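Following: one structure in structure tokens, then a few remarks.
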Amino acid sequence: MHGVKRFTPEKRAALRKENEERAASYRSRSAAAMERRAAKVYDAASLEAVAKVVTENPDFATMWNFRREVLGHMFPDADVAARKAACLAEFALTQECLGINPKSYPVWYHREWVLLWGECEWQWPVELKLTAKLLALDDRNFHCWTYRRNVVRVAGVTAEAELAFTTTKIQANFSNYSAWHYRSKLLPAVHASAGAEGAAQLGAVLRNELELVRNAFFTAPEDSSAWFYHRWLIAQLAPGAAAALPPAEFEALVRAELQMVDELLELEPECKWPLAAAAFLGRTLDTHQMGSEETTGAAATRIGELRRVDALRARYYDSAGEATPTMARIGASTPTMAPTGKWYRQKGNFYSTEPTELASELH
Amino acid sequence: MATFWESTYDDGLPTHSTNEQLKTEDACRAVFEEWINPDGSLSRESVSFCRTEHAAYLKAGLGSLAAGYVSLDASRPWLTYWISHSLELLGPSHALRGDEADNVVGFLRRCQVPGTGGFAGGAHPGQIAHLAPTYAAINTLVTIGTPAALAAIDRASLRVFLRRMKRPDGSFSMHDDGECDVRGVYTALAVASLTNLLDDELRRGAAEWIASCQTYEGGIGATPGEEAHGGYTFCGLASMVLLDRVELLRVPPLTRWLVERQMGVHGGFQGRTNKLVDGCYSFWQGGAFPLLEAALTRTAELPSGGIASLFSTDGLLDYLFVCCQQSNGGLRDKPGRGRDYYHTCYCLSGLAVAAAEPEPDPATAGTRPATSPAHWKTALGFVNPVYNVSAPKVEAALEWSRELPLPPLPSSLMRPQPAPTLA
Ligand SMILES: [Zn+2]
């Protein structure tokens, strides 16, 4: 409950002064840019005024809107060639701002707008490289992933190429769930050809994917990312799904996966994720009427072990999700409920009286 | 920090995420160890709730509305919301009132954009209206709850603004010429609901669009096709509650996704699969459970233990009281990080949700002992998790808006004025 950084009074005063000076300078720059917007001054000096604000505060949406107004007025006709220099300046500015805050909504939005407004085909390869570079710095930045997917769409990058990109991301770090997630979106797109042939193709690829996740499991079984992807793979191959295998093949596959997980559990008997996978695979057999007394019993045993090693969720395992089919029915009915109802539980004393302050005794 | 969930990005270090996870667990363990009894149990009774320190820290933050904090320049209504909501939960003797409340109301009035509607991120004339500060401003005004605070909301122009943000596909833009994601639907529906402006046009297509953002594994992403994320999952689920369309989501995988986000070692929540624990997800993930509870109660399929049968409310309280509280006031993301108003607000909101769970019924609770001491369970007031505003204040606002007529819309929706002149 402690761990508070303490500064000396001198350091504190210096920090405050620095902050105040920075704030004052920012306020005057911000006022200058706002004045130009109010006066509808659409020129290069206005762009410069905005740049001085957003490089300090990238999240200031009004500034980016003003910037787009200015650009629209400076380049009113659809002469894309004339816009190129302006677009380059916008890419440089937004890149600088992303260096300050790589998760700024208005900055990413503006960059995407420029890409479309300038019809910047020449910029597409740069954007793919830039997003790859930013994802190397933070491989979970969902703003960057989203932007990349939008570039991919505009530029017509193939799903195959992006699949290869996710492979390199997973090879660099298979904890990267964002890459696994993207893969689950790309694979069906790669093998989108209609009919039984497409399904068979996808099925074959998904079975190869099982090899990829197996490597991840045996390297770091405690890492949850690949396990969630594993569930997706199995679900795609189940009867009735997009890449459904013939029932006998599916059953054989699930049983083989179960065996693999059981082997892993011999090595790591206390590990949560393989226990959960074993329970899931056993339940999958039951769901498709492929289970036997033995597999159903084994799944129940696994849930018991899971309950023990993952005690935090013991009551969930008991009462809901994995142990009983109850949850499968939830959501089927459509009763009405006004959001104005009493959501919260009534308690006798709505607010407690002030508790005895022990804080003074705590450091 | 201009938006919903903070923009820290130094917790996603590539290729070392397992190491980072172990380091975080160690840091939490070290903090817990200070409170371990000789018999190895956690001495929860000795961990006080630092109410007066939290209140003092929050009140000091009101001063920063006027000065400094460049990074908050476009999100000042968030600051008023984080602070006023936190103080409200701390109890009547800390809630904003009198001059302090009047100053906040006056400030938010200056953030409201006349004519074209909505609230901007600051009081500078000329800032554009944005759904995020609109949500924060209206939640603040509802939390203050005085007639003057509620009357400060210009419902006629708000309706114009919300209609203008509505998109053909059922979703909402965050602002004129702005991005669109699940936050837009949630903030628009929440403020429309509180002010009795939720009409068929605002509802149109929203539930179907949210459902299209649900991922295979059950959580909800920012837009269709994106990875599931705790903040968007809360916004999506709360939107479905406001629309009364929860059944459009696949509830069992959603439940499992939420349940799996609680961390075994320290009891707090992570925001996404394979990320580190963070105190603010105590609300974004934890607050989703009472919404789920309401949905499951309707179908009479809620397990007998209430939300405590879905996640460990005791585990979350341990994390918040021991790892997130700072004894000098304020709450934080995790041990080793500093406090801030955003985390203080969402840690307290999550705490209020977890503490609202009643003591387990001995008939059904089995051998599970009640672990959280009474002074933890009664630390805060009740929160309405749909809006994340004090429950009685939500009721009062709904009571206020119920009788108000739907203001007429101009024949053609008003376009935003280019830019009002500076005063
Ligand atoms: Zn956080």
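Quantities reported herein were computed from a predicted structural model and do not represent experimental measurements. Just the heavy atoms: all of them, side chains too, but no hydrogens, waters or symmetry mates, feed the values below. Residue numbers start from 1 in every chain, and the chains themselves are labelled A, B, ... in the order their sequence lines are given, proteins ahead of strands.
Both the backbone and the side chain of B:Q262 come within contact range of chain A, each with at least one heavy atom under 4.5 Å from a heavy atom of that chain. Using a 4.5 Å cut-off between heavy atoms, A:W227 makes no contact with chain B at all.
Side-chain contact between A:H143 and B:E226 is absent, with no heavy atoms from C-beta onward closer than 4.5 Å. Between B:K275 and A:Y177 the shortest side-chain heavy-atom distance does not fall below 4.5 Å. Between A:L312 and B:M263, the closest side-chain pair of non-hydrogen atoms is not below 4.5 Å. Residues B:I128 and A:R37 form a side-chain contact, since some pair of their non-hydrogen atoms from C-beta on lies under 4.5 Å apart. For the pair B:H229/A:F142, a side-chain contact is recorded, criterion being any heavy-atom separation below 4.5 Å from C-beta on. Between A:E112 and B:E179 there is no side-chain heavy-atom pair separated by less than 4.5 Å.
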Walk me through it: do A:R315 and B:F311 pass the test side chain to side chain contact (heavy atoms under 4.5 Å, CB included)?
CA-CA 8 Å; A:R315 303 184 71 213; B:F311 82 108; over 6 Å; no

What do the steps show when you test A:N65 against B:H175 for side chain to side chain contact (heavy atoms under 4.5 Å, CB included), and what is the final call?
CA-CA 10 Å; A:N65 273 30; B:H175 57 85; 3.4 Å; yes

Going through the checks in order, is the side chain to side chain contact (heavy atoms under 4.5 Å, CB included) test met by B:N274 and A:F228?
CA-CA 10 Å; B:N274 233 336; A:F228 282 98; over 6 Å; no

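From B:T215, atom OG1 reaches atom NZ of A:K185 across 7.0 Å, with rounding to the nearest 0.5 Å. Between atom CZ of residue B:R272 and atom OG of residue A:S178 there is a gap of 5.0 Å, rounded to the nearest 0.5 Å.
Aromatic pair B:Y216/A:Y229: centroids not less than 6.0 angstrom apart.
Taking both residues in full, the closest heavy atoms of B:V259 and A:Y316 are given as CG1-CD2, 3.5 Å, listed atom of the first, atom of the second, then distance. Nearest approach of A:R313 to B:G264, heavy atoms of both residues: NH2-N, 4.2 Å.
For the pair A:K272 and B:E260, the salt-bridge criterion is met [side-chain N within less than 4.0 Å of a carboxylate O].
Interface remark: of the candidates A:R149, A:K169, A:R16, A:E20, A:R149 forms the most heavy-atom pairs closer than 4.5 Å to chain B. For the options B:R250, B:E227, B:E217, B:R339, heavy-atom pairs under 4.5 Å to chain A are most numerous at B:E227. Looking only at heavy-atom pairs under 4.5 Å with chain B, the residue among A:W113, A:Y109, A:Y182 that has the most is A:Y109. Each of B:L254, B:T273, B:T223, B:D181 has some count of heavy-atom pairs under 4.5 Å with chain A, and the biggest count is that of B:T273.
Under a 3.5 Å cut-off, the side chain of A:H181 and the backbone N or O of B:G225 do form a donor-acceptor pair.
A cation-pi arrangement, defined by a distance under 6.0 Å to the six-membered ring centre and an angle within 45 degrees of its axis, is present between B:R183 and A:Y105.
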